Amino acid sequence: KEGHVNYNAKLLQQAVNDYAKAASLDPNYAPVFYELYQFYYTPRKDQFSLPKAKEYLQKYLALSDQADRSKNEYYLASIMFLDKDYDGAISKAKSVLPHANDAYKAKFERLIADAYLQKGDSLSARKSVDDYVAKVGESKLEPLDFKLLSEIYGRIKYQDSATQAKIDQKALGYLEKYATSDTLKDLDRYETVARAFQNARVFNKAAEWYQRYLDLKKEQKEKPAAVDYYNIGLNYYRASAGVTTDTSMLTKAGNAFADLSASYPDLTTGYYWRGMAAAGKDVEAKNG
């Protein structure tokens with residue numbers, strides 16, 4: 001208990017010392033070895049250590065209730081995955097999957113697909129994740145499922161441009177679902193989605209997500225940077241280009257650049273690009 005208190009107070013060395021005392025008092029006390037495993041398994045500076053995580057996991061599994069087989073086997077498969085032993089993780093997960101309880105079936109299915117992805121076998125990853133989605137139904141997928149689906153579809157490459165466009169569209173759709181699939185509003189998620197749409201040259205969607213990113217900053221009492229306004233405006237400006245010029249996109253671009261110049265009046269960027277957006281709507285300079 002003292003270890004928990006010190007850990008929550010970010011006194012990491014004191015927490016480890018407390019756990020070590022508990023282990024010395026009773027070498028058969030399984031919970032302390034689980035805590036030490038979790039401590040070293042957590043990917044944080046001055047904390048993560050895969051060798052120590054594996055050491056304490058083995059001690060915990062030797063002492064833990066064997067009725068928790070699904071959970072224990074999942075811990076082992078996860079360690080293999082983190083150790084980049086992807087074939088071992090896949091083999092372990094597949095061997096346990098037939099008799100895993102419902103709570104862990106999804107975890108094993110996700111781990112198998114992710115392991116295939118990490119080892120560079122995107123087609124096997126896609127088959128695994130598609131089989132999983134078919135079994136559980138898309139309505140029951142969790143945020144991490146959508147994230148994995150996006151990563152898998154984002155890695156698949158076809159020579160046929162039409163097929164590739166459909167795959168890319170699916171990847172972006174799953175990425176959007178990941179960003180909006182729970183009540184947690186996260187700046188990193190929003191920015192990741194915006195950047196993905198920008199890289200895919202779907203500029204109107206990129207602008208919408210950069211706007212969400214900026215709005216969330218304001219909601220969280222954080223001042224948007226000049227580049228936040230610029231990203232919205234530039235992507236709307238790019239979205240205006242086509243067979244004919246989309247003046248509604250130019251209007252949105254102009255509004256974003258106006259916000260930029262209002263928020264950062266000493267920067268020339270907002271004025272310049274506001275002028276560029278206006279010029280795009282009046283290419284013959286008839287309206288001033």
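What you see is a predicted model; the values in this text were computed from it and never measured.
- Taking both residues in full, the closest heavy atoms of K92 and A77 are given as CG-CB, 3.7 Å, listed atom of the first, atom of the second, then distance.
- The structure places CD1 of I79 at 5.5 Å from CG of L50, a figure rounded to the nearest 0.5 Å.
- D18 and N6 get closest at one heavy-atom pair: OD2-ND2, 2.7 Å.
- Remark: F39 engages Y7 in a ring pair (Phe, Tyr, Trp, His ring centres under 6.0 Å) (not counting sequence neighbours).
- One finds the CG atom of L97 at 5.0 Å from the CD atom of E109 (value rounded to the nearest 0.5 Å).
- Side-chain contact of S150 with Y178: a donor-acceptor pair under 3.5 Å is absent, judged by distance alone.
- Between Y75 and Y37, the distance from one ring center to the other falls under 6.0 angstrom.
- Side-chain contact check for K252 and S240: no donor-acceptor pair (N or O, by modelled atom type) lies under 3.5 Å.
- When all heavy atoms of A206 and N235 are compared, the pair lying nearest together is CB-OD1, 3.6 Å.
- With respect to the salt-bridge test (charged N to carboxylate O, under 4.0 angstrom), the residues D114 and R110 do not qualify.
- A centroid separation of 6.0 Å or more is found between the aromatic rings of Y236 and F203.
- Each ring pair (Phe, Tyr, Trp, His ring centres under 6.0 Å) pair with one or both residues in residues 139-173, not counting sequence neighbours, appears once here: Y153-Y174.
- Put simply, the residue from Y213, F197, W209, Y210 that forms a ring-ring contact (aromatic ring centres under 6.0 Å, His included) with Y190 is W209.
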Q: Report the C-alpha distance between K127 and D131 in whole Å, list the side-chain angles of each, state the deciding distance to 0.1 Å, and finish with yes or no for salt bridge (charged side-chain N to carboxylate O under 4.0 Å, His left out).
A: CA-CA 6 Å; K127 184 181 185 310; D131 289 346; 3.0 Å; yes
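- The minimum heavy-atom distance linking G280 with T245 is given by the pair O-CG2, 4.1 Å.
- D228 places a side-chain N or O within donor-acceptor distance of the main-chain N or O of A225, the cut-off being under 3.5 Å.
- One finds the CD atom of Q118 at 8.5 Å from the NZ atom of K84 (value rounded to the nearest 0.5 Å).
- Shortest non-hydrogen contact noted between F81 and Y86 is O-CE2, 3.5 Å.
- With hydrogens and angles disregarded, no donor-acceptor distance shorter than 3.5 Å links the side chain of N204 to the backbone of A239.
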Q: Evaluate salt bridge (charged side-chain N to carboxylate O under 4.0 Å, His left out) for E151 paired with K147, printing each intermediate quantity in order.
A: CA-CA 6 Å; E151 290 173 351; K147 184 174 186 288; 2.8 Å; yes
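- Remark: K135 is not positioned above the aromatic ring of Y132, lacking an NZ or CZ atom under 6.0 angstrom from the ring centre and at most 45 degrees off the axis.
- Interatomic distance, CD1 of I156 versus CG of L123, reported as 6.0 Å (0.5 Å rounding).
- In this structure, A100 and S70 approach most closely via the heavy-atom pair CA-OG, 3.3 Å.
- Interatomic distance, Q220 CD to D186 CG, rounded to the nearest 0.5 Å: 8.0 Å.
- Using bins of under 30°, 30° to 60° and over 60° for the plane-to-plane angle, the ring pair Y237/W273 lands in the perpendicular bin.
- For K105, the NZ atom sits in a packed shell: over 12 heavy atoms of surrounding residues, nucleotides or ligands are nearer than 6.0 Å.
- In this structure a side-chain-to-backbone donor-acceptor pair under 3.5 Å is present from S261 to A258.
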Q: Check the pair R212 / E208 against salt bridge (charged side-chain N to carboxylate O under 4.0 Å, His left out), numbers first and verdict last.
A: CA-CA 6 Å; R212 288 194 188 193; E208 290 172 13; over 6 Å; no
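- Two different hydrophobic clusters hold L11 and V16 under the rule that ILVMFWY side chains link at heavy-atom gaps under 4.5 Å.
- Between N231 and V227, some side-chain heavy-atom pair lies under the 4.5 Å cut-off.
- By the 4.5 Å heavy-atom criterion applied to side chains, L214 and K217 are not counted as neighbours.
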Q: Tell me, with the steps shown, if Y41 and F48 meet ring-ring contact (aromatic ring centres under 6.0 Å, His included).
A: CA-CA 6 Å; Y41 187 73; F48 178 75; 7.3 Å; no
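- Taking the six-membered ring where the residue is Trp, F33 and Y56 present parallel rings, their angle staying beneath 30° rather than reaching 60°.
- Side-chain polar atoms of D168 and Q164 form a donor-acceptor pair below 3.5 angstrom.
- Residues satisfying the side chain to side chain contact (heavy atoms under 4.5 Å, CB included) test with A226, not counting sequence neighbours, are L260, Y264, L267.
- Remark: Q47 CD to T42 OG1 distance equals 5.0 Å, nearest 0.5 Å.
- Inspection of the D215 and Q211 side chains reveals an N or O donor paired with an N or O acceptor under 3.5 Å.
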